Amino acid sequence: MNEKVFSYQTRFDIKGEALETYAELFCCLERKLFAALMAKKGTLVLKKLYIQQHGITARQFNALLFQITGKIQSAKEHQKLEQKELKEKINALTKKIPKLKGLVLFGKKRRLTLLTKKLKALEEQIKACRVSICFGGRKLFRKQFEVEDQKLWKKQWVAERNQSFFSIGSKDETAGNQSCTFTKQEDGTLTLRVRLPSCLESVHGKYLVIKNLYFKYGHKEILEVLEENLQRASLVKLKDSSYHQLGRAITCRFLKDEKGWRVLVSITMKKKTTLSQRELGAVGVDININHLAIAEIDRFGNILDKKRLPLNLYGKDKHQTLALIQEGAKQMVSLAKEQKKPIVLEQLDFQKKKQQLREDTPKRARMLSSFAYGKILEAIKAKAYKEGIEVIEVNPAYTSMLGHIKYAKRFGLSIHGAAAFCIGRKGIDFLETLPCGKELELLTKGGCSLLVKVPARKPELDYDAYLKVVAKKYRAAHAEHFKAEMIRSSLQRDRNP
């Protein structure tokens, strides 16, 4: 990937109703356009109609179409994800129901029937290519049936449905965006000129100018994009031979909340020169529910250093969660940048685990529900992209087991640290071999000993099939150890009542 989109935001104070009127018009037209698209009307006919009847520019219609098309596509993807989740929940319930009795069994059977009906209705929707979007949010919509003050609810509902508008950028436009144009001032701040719809010109004028904008994060990057676009524009005017090269788009979204207005700017950043080298080794990362286990290895596959970065997200709000994730990603990428080594990450499907939370233990369900695995991966990749560090993703199958068997006791590593070590080795193409036919003594989390006999590998089994056999023996040994611990605890309670 040579380019990646990054978004930055800042707040600004502005008087007047121009932005509120623009947002109300944009959101109203967005809802109308959604209904027209669901009625299978052509976009070219709609574009001409909207420009004539509603007094908007062609670029503003393109922004409308781009946004609503994205929402429709997102709704379709959500339908597929919901279908997958329902199937997983039904499978989990089907496995659990034979083990239940009494009222609990009745409740689970009733839930299974409801889930089956919901799945059938959803599959019919997908087959008919129908999507439903609640502009303003379903949660707030349902709130009208619970509140007493309907006027207050109506005010909140209208504000929620008319709180934003969008301006799409383009690579072939002078400043990256024809409708929202940034200019740099002498003091380093930015001035933003917003093109208002034609129907609002008589009241608010053709343009709205917002001065003294400064982005706490990303200001330097935005200035670089503006400078690059200006250079391209000057080459076009001079009819230089390189005028055909495209610039970089600047897309703006305006959003109003309780504190006021803010603008979110999205720009494309080109990939920097890769600083990391696989020939030096790698940094393996095992992402866990409450921490990141990191293992640095050299080019021969030997461990050099190990670290544990706490990352407990349980009980944190979204802002605290994001701050903790960003700090953890920053520390980890700094280590990789200092050593000039690539980062090796695991690629797990925690969504599948979360789909079965209702049938899991309450403690584990709470931990998994607060585990933002996708956000952690995204933060690490984004930070590594900016710093020029290569990110390698591997299938982490059996890495915890291999690390526990081969390296935990040998190097004094935890199970997660040993898994990170195996992930790092796998990222630079090291193959793990096991001592076949031997009985090994492993250490458990509580410091107890666990005996695991590694079976001999049969000639007809390939490597993955053999690891599957070993994993079965490994889990069986853990189960026997757990039973023995439970019996021992029970005997101790009987002796010391």
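In this text, all values refer to a predicted model and were calculated from it rather than measured experimentally. When a residue number appears, it is its place in the shown sequence, counting from 1.
- Here the closest non-hydrogen pair linking Lys341 and Ser276 is C-CB, 3.5 Å.
- Atom-to-atom distance recorded for Ser74:OG and Ile133:CD1 is 8.0 Å, nearest 0.5 angstrom.
- Ala23 and Asn162 make their closest contact through CB-O, 3.8 Å (heavy atoms, listed as atom of the first residue, atom of the second, distance).
- What you find for Val344 and Ile423 is that their closest heavy atoms are CG1-O, 3.1 Å.
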For salt bridge (charged side-chain N to carboxylate O under 4.0 Å, His left out), just list the numbers for Lys383 and Glu387, CA-CA rounded to whole Å, side-chain angles, deciding distance to a tenth of an Å, and then say yes or no. CA-CA 6 Å; Lys383 187 65 178 175; Glu387 299 295 338; 3.8 Å; yes
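- At least one side-chain heavy atom of Leu65 sits under 4.5 Å from a side-chain heavy atom of Leu37.
- With a 4.5 Å cut-off on side-chain heavy atoms, Tyr398 and Lys468 count as touching.
- Glu390 and Tyr385 are not linked by any side-chain donor-acceptor pair at a separation below 3.5 angstrom, with hydrogens and angles left out of the test.
- A distance-only check finds no donor-acceptor pair linking the side chain of Lys259 to the backbone of Arg11 [under 3.5 Å].
- Separation of atoms CD1 (Ile376) and NZ (Lys381) is listed at 12.5 Å; rounding is to 0.5 Å.
- Phe430 and Gly301 make their closest contact through CZ-N, 3.6 Å (heavy atoms, listed as atom of the first residue, atom of the second, distance).
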Residue pair Lys340, Ile389: steps toward the side-chain contact (heavy atoms from CB on, under 4.5 Å) verdict: CA-CA 8 Å; Lys340 295 184 179 180; Ile389 302 298; over 6 Å; no
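- The CG atom of Leu86 lies 14.5 Å from the NZ atom of Lys117; values are rounded to the nearest 0.5 Å.
- A side-chain N or O of Asn288 and one of Asp286 form a donor-acceptor pair less than 3.5 Å apart.
- A donor and an acceptor atom, one from each side chain of Tyr474 and His404, are located under 3.5 Å apart.
- Within the 4.5 Å cutoff, side-chain heavy atoms of Val283 are placed close to those of Ile294.
- Formation of a donor-acceptor pair under 3.5 Å by the Lys108 side chain with backbone atoms of Thr94 is not found in this model.
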List the atom pairs, with distances to 0.1 Å, where a side-chain N or O of residues 246-256 and a protein N or O form a donor-acceptor pair under 3.5 Å, not counting sequence neighbours.
from	atom 1	to	atom 2	distance (Å)
Arg248	NE	Glu228	OE1	3.2
Arg248	NH1	Thr268	O	2.6
Arg248	NH2	Glu228	OE1	2.9
Thr251	OG1	Gly169	N	3.2
Arg253	NH1	Gln67	OE1	2.7
Arg253	NH2	Gln67	OE1	3.4
Lys256	NZ	Glu20	OE2	3.4

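- Atom CG of Leu311 is separated from atom CE of Met332 by 10.5 Å, given to the nearest 0.5 angstrom.
- A distance of 15.5 Å separates OG of Ser7 from OH of Tyr217, quoted to the nearest 0.5 Å.
- Leu377 pairs with exactly one of Ile325, Val285, Val391, Ile287 by the side chain to side chain contact (heavy atoms under 4.5 Å, CB included) rule, that one being Ile287.
- Side-chain contact between Leu275 and Lys337 is present, with at least one heavy-atom pair separated by less than 4.5 Å.
- Within a 6.0 Å sphere centred on CG of Leu431, other residues, nucleotides and ligands contribute more than 12 heavy atoms.
- A centroid separation of less than 6.0 Å is found between the aromatic rings of Phe421 and Tyr407.
- Considering only heavy atoms from C-beta on, Lys109 comes within 4.5 Å of Ile97 through its side chain.
- Counting all heavy atoms, side chain and backbone alike, Leu105 lies closest to Leu100 at CD2-O, 3.8 Å.
- Residue-environment remark: CD (Gln320) exceeds the threshold of 12 foreign heavy atoms within 6.0 Å.
- Atom CZ of Phe411 is surrounded by more than 12 heavy atoms from other residues, nucleotides or ligands within 6.0 Å.
- Under 4.0 Å is where a charged nitrogen must lie from a carboxylate oxygen, and between Lys71 and Glu30 at least one such pair does.
- Cation-pi geometry between Arg110 and Phe106 is not met: the NZ or CZ atom fails to fall both under 6.0 Å from the ring centre and inside 45° of the normal.
- Between Phe34 and Ile72 there is a side-chain heavy-atom pair separated by less than 4.5 Å.
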Which pairs would a plain distance check flag for residues 120-132, meaning a side-chain donor or acceptor within less than 3.5 Å of a matching protein atom at least two apart in sequence or in another chain?
from	atom 1	to	atom 2	distance (Å)
Glu123	OE2	Gln83	NE2	3.4
Gln125	OE1	Gln79	NE2	3.4
Ser132	OG	Arg138	NH2	3.1

Going through the distances and angles, do Thr321 and Lys316 end up as a side-chain contact (heavy atoms from CB on, under 4.5 Å)? CA-CA 6 Å; Thr321 297; Lys316 307 294 190 298; 3.6 Å; yes
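- Applying the 6.0 Å contact sphere to CZ of Arg299 captures no more than 12 heavy atoms from other residues, nucleotides or ligands.
- A salt bridge links Glu432 to Lys406: at least one charged side-chain nitrogen sits closer than 4.0 Å to a carboxylate oxygen.
- Looking only at atom types and distance, the side chain of Gln156 has no donor-acceptor partner in the side chain of Glu160 under 3.5 Å away.
- Ser167 approaches Ala63 most closely through the heavy-atom pair CA-CB, 4.3 Å.
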Starting from the C-alpha separation in whole Å, work towards a yes-or-no answer on side-chain contact (heavy atoms from CB on, under 4.5 Å) for Gln73 and Glu77. CA-CA 6 Å; Gln73 188 62 34; Glu77 292 297 324; 3.4 Å; yes
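- With values rounded to the nearest 0.5 angstrom, Leu93 atom CG is found 9.5 Å from Asn91 atom CG.
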